[in-house]
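Bear in mind that the values here come from a model prediction, so they are computed numbers and not experimental data. No hydrogens, no waters, no symmetry mates; every other heavy atom, side chains included, goes into these values.
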There are 2 protein chains.
Amino acid sequence: MDTTDKKLLGLLQTNASLTTKALSLKLNLSVTAVYERIKKLEREGTIEKYVALLNRSKIEMGFVVFCHLKLVQHTKEFVTKFENEVVKLKEVLECYHVSGDYDYILKIAVKDMEAYREFLVTKLTTLDHIGSTHSTFMISEVKYTTKIEL
Amino acid sequence: MDTTDKKLLGLLQTNASLTTKALSLKLNLSVTAVYERIKKLEREGTIEKYVALLNRSKIEMGFVVFCHLKLVQHTKEFVTKFENEVVKLKEVLECYHVSGDYDYILKIAVKDMEAYREFLVTKLTTLDHIGSTHSTFMISEVKYTTKIEL
DNA sequence: TCAAATTTAGAAAAAAAATCTACAAAATAA
DNA sequence: TTATTTTGTAGATTTTTTTTCTAAATTTGA
């Protein structure tokens, strides 16, 4: 992983539609050289996948909530059960086990407040072993990026 | 935006490398039909962009922190200033203006605790108008997806 | 119902990706 | 140092995919 690879990953993280030709010009390399570097990064698993990102304002999923959540207990069984269930919920975009007052931070995207209420009552709080939840509502998205600078 | 478009967006959000041919088979459409639908979704801005997602465990940026932050005041000037500055910080992957006890929730990715300390002291807390911060550390990533189910 | 607009399919052309061969540079071993 | 292997690169060729074009089918609106 040299400087060229890092530049390449930076470019692909910003725009994966760039052709190897375009990348070769930006990186001052031949098309083949760029191609081989990309294939290597894919093989090694550094590049996990390529995805399309949608514009949340164009689809009806602009209501974002951060839910801080506690389990009633922290036995391995309860933790595993909760984590296996929560990943299945399509409204949950991100879920992190964290330090501090709460056990988990969840990022949830739904259509509106009513959809969130529905989600909370019929899906999230019906999961086993949930102690308490605390919802924080997004007012605006100041920054959202998938690009990790190397 | 019909059911076919929703299926198409679901597929592209999961794997943007699928060829129009492969998509046409999954959707029972011709290559041209798929092609035109994709171009329309791109034109309308529903599809914002295509990006490569990296495997965080393969690069040295696995230390993730959620920073809850308050401003000293909420005048338009202070808010604008803060938001303009925070988006520039490469360590900040996500930043949301939120309701509740704190004004902002930031998701920050760095190499390790030392890098986070450095970031906090030399970058984040040197921004103007910051009241208080509260850091919550990620123990594990239970779920992370960019896919919004339609 | 009819006309206009949109969507679709299939074929053809253009562009890009993938493969192949060969050469050059760098790393390793004798 | 020199020979040998490995790795990375370039250019040409083949294969695949994308894009364009034409025409037919379907949907939409008056």
Side-chain angles (χ1 to χ4, degrees), chain A residues 1-62 90 111 145-150, chain B residues 1-62 90 111 145-150:
Chain A
M1 168 84 69
D2 59 10
T3 310
T4 304
D5 280 336
K6 288 179 183 175
K7 279 186 196 164
L8 180 54
L9 288 173
L11 291 166
L12 290 175
Q13 283 187 95
T14 304
N15 181 7
S17 301
L18 290 170
T19 63
T20 47
K21 173 73 180 166
L23 292 167
S24 73
L25 293 173
K26 284 177 191 286
L27 297 170
N28 281 101
L29 283 175
S30 72
V31 169
T32 310
V34 172
Y35 179 80
E36 290 301 332
R37 279 173 181 269
I38 292 173
K39 288 297 145 188
K40 190 177 177 192
L41 290 164
E42 289 173 358
R43 262 198 317 277
E44 292 170 347
T46 306
I47 295 177
E48 193 158 287
K49 57 178 174 178
Y50 299 93
V51 299
L53 297 184
L54 306 190
N55 185 335
R56 227 195 302 277
S57 71
K58 297 279 178 174
I59 56 181
E60 303 210 310
M61 284 292 166
K90 69 179 200 302
K111 191 184 165 199
T145 183
T146 56
K147 182 180 182 183
I148 301 163
E149 299 262 4
L150 301 174
Chain B
M1 168 85 70
D2 59 11
T3 310
T4 305
D5 279 336
K6 288 179 184 176
K7 279 186 197 166
L8 179 54
L9 288 173
L11 291 165
L12 290 174
Q13 283 187 95
T14 304
N15 181 8
S17 300
L18 290 170
T19 63
T20 47
K21 174 72 181 167
L23 292 167
S24 73
L25 294 174
K26 284 177 191 288
L27 298 170
N28 281 101
L29 282 174
S30 72
V31 168
T32 308
V34 172
Y35 179 79
E36 290 301 333
R37 278 174 182 268
I38 293 172
K39 288 298 145 187
K40 190 178 177 192
L41 290 164
E42 288 172 0
R43 262 199 317 277
E44 292 170 347
T46 306
I47 294 176
E48 193 158 288
K49 58 179 172 176
Y50 299 92
V51 300
L53 297 184
L54 306 190
N55 185 336
R56 226 194 303 275
S57 72
K58 298 276 178 176
I59 55 180
E60 303 211 309
M61 283 293 167
K90 69 179 201 299
K111 191 183 164 200
T145 183
T146 55
K147 181 179 181 182
I148 302 164
E149 298 261 5
L150 302 174

Rounded distance (Å) that lies between atom [atom2] of [N] and atom [atom1] of [X]:
| X | N | atom1 | atom2 | result |
| --- | --- | --- | --- | --- |
| Asp5(B) | dT6(C) | CG | P | 15 Å |
| Leu29(A) | dT7(D) | CG | P | 18 Å |
| Met1(A) | dG8(D) | CE | P | 13 Å |
| Asp2(B) | dT26(D) | CG | P | 16 Å |
| Ile38(A) | dT9(D) | CD1 | P | 12 Å |
| Leu25(A) | dA16(C) | CG | C1' | 14 Å |
| Arg37(A) | dT7(D) | CZ | C1' | 11 Å |
| Glu44(B) | dT7(C) | CD | C1' | 14 Å |

Any side-chain heavy atom of Thr14(B) sitting closer than 4.5 Å to one from Val51(A)?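 No, too far: nothing below the 4.5 Å cut-off.
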Counting C-beta onward and ignoring hydrogens, is there a side-chain heavy-atom pair between Val31(A) and Thr19(A) closer than 4.5 Å?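 No, too far: nothing below the 4.5 Å cut-off.
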At under 4.0 Å, does any side-chain N or O of Lys40(B) touch on OP1 or OP2 of dT6(C)?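 No, because none of the side-chain N or O atoms of Lys40(B) sits under 4.0 Å from OP1 or OP2 of dT6(C).
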Checking Lys58(A) against Thr46(B): is there a side-chain donor and acceptor pair closer than 3.5 Å?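 The criterion, which ignores hydrogens and geometry beyond distance, is not satisfied for Lys58(A) and Thr46(B).
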Any chance you could list the contact pattern along nucleotides 16-22 of chain D? Use B for base contacts, S for sugar-phosphate-only contacts and - for none, protein heavy atoms under 4.0 Å, 5' to 3'. -SSSBB-
Determine, for nucleotides 22-28 of chain C in 5'-to-3' order, which nucleotides have protein heavy atoms under 4.0 Å from the base (write B), from only the sugar-phosphate (write S), or from neither (write -). -------
Any salt bridge (charged side-chain N to carboxylate O under 4.0 Å, His left out) involving residues 45-56 of chain A? Give me the pairs, sequence neighbours left out, ordered by first then second residue.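 Non-adjacent pairs meeting salt bridge (charged side-chain N to carboxylate O under 4.0 Å, His left out): Arg56(A)-Glu141(A).
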Could you give all pairs that pass the salt bridge (charged side-chain N to carboxylate O under 4.0 Å, His left out) test and reach residues 2-21 of chain B, with sequence neighbours left out?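 For residues 2-21 of chain B: Asp2(B)-Arg37(B), Asp5(B)-Arg37(B).
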With sequence neighbours left out, what residues match Lys39(A) under salt bridge (charged side-chain N to carboxylate O under 4.0 Å, His left out)?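 Partners of Lys39(A) by the salt bridge (charged side-chain N to carboxylate O under 4.0 Å, His left out) criterion, ordered by chain and then number, come out as Glu42(A).
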Does atom CD of Glu60(A) have more than 12 heavy-atom neighbours, drawn from other residues, nucleotides or ligands, at distances under 6.0 Å?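 Not buried by this count: 12 neighbours or fewer within 6.0 Å.
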Terminal helix-axis angle for the helix from dT1(C)-dA30(D) to dA30(C)-dT1(D), with five pairs defining each axis and rounding to 10 degrees: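 End-to-end axis angle: 40°.
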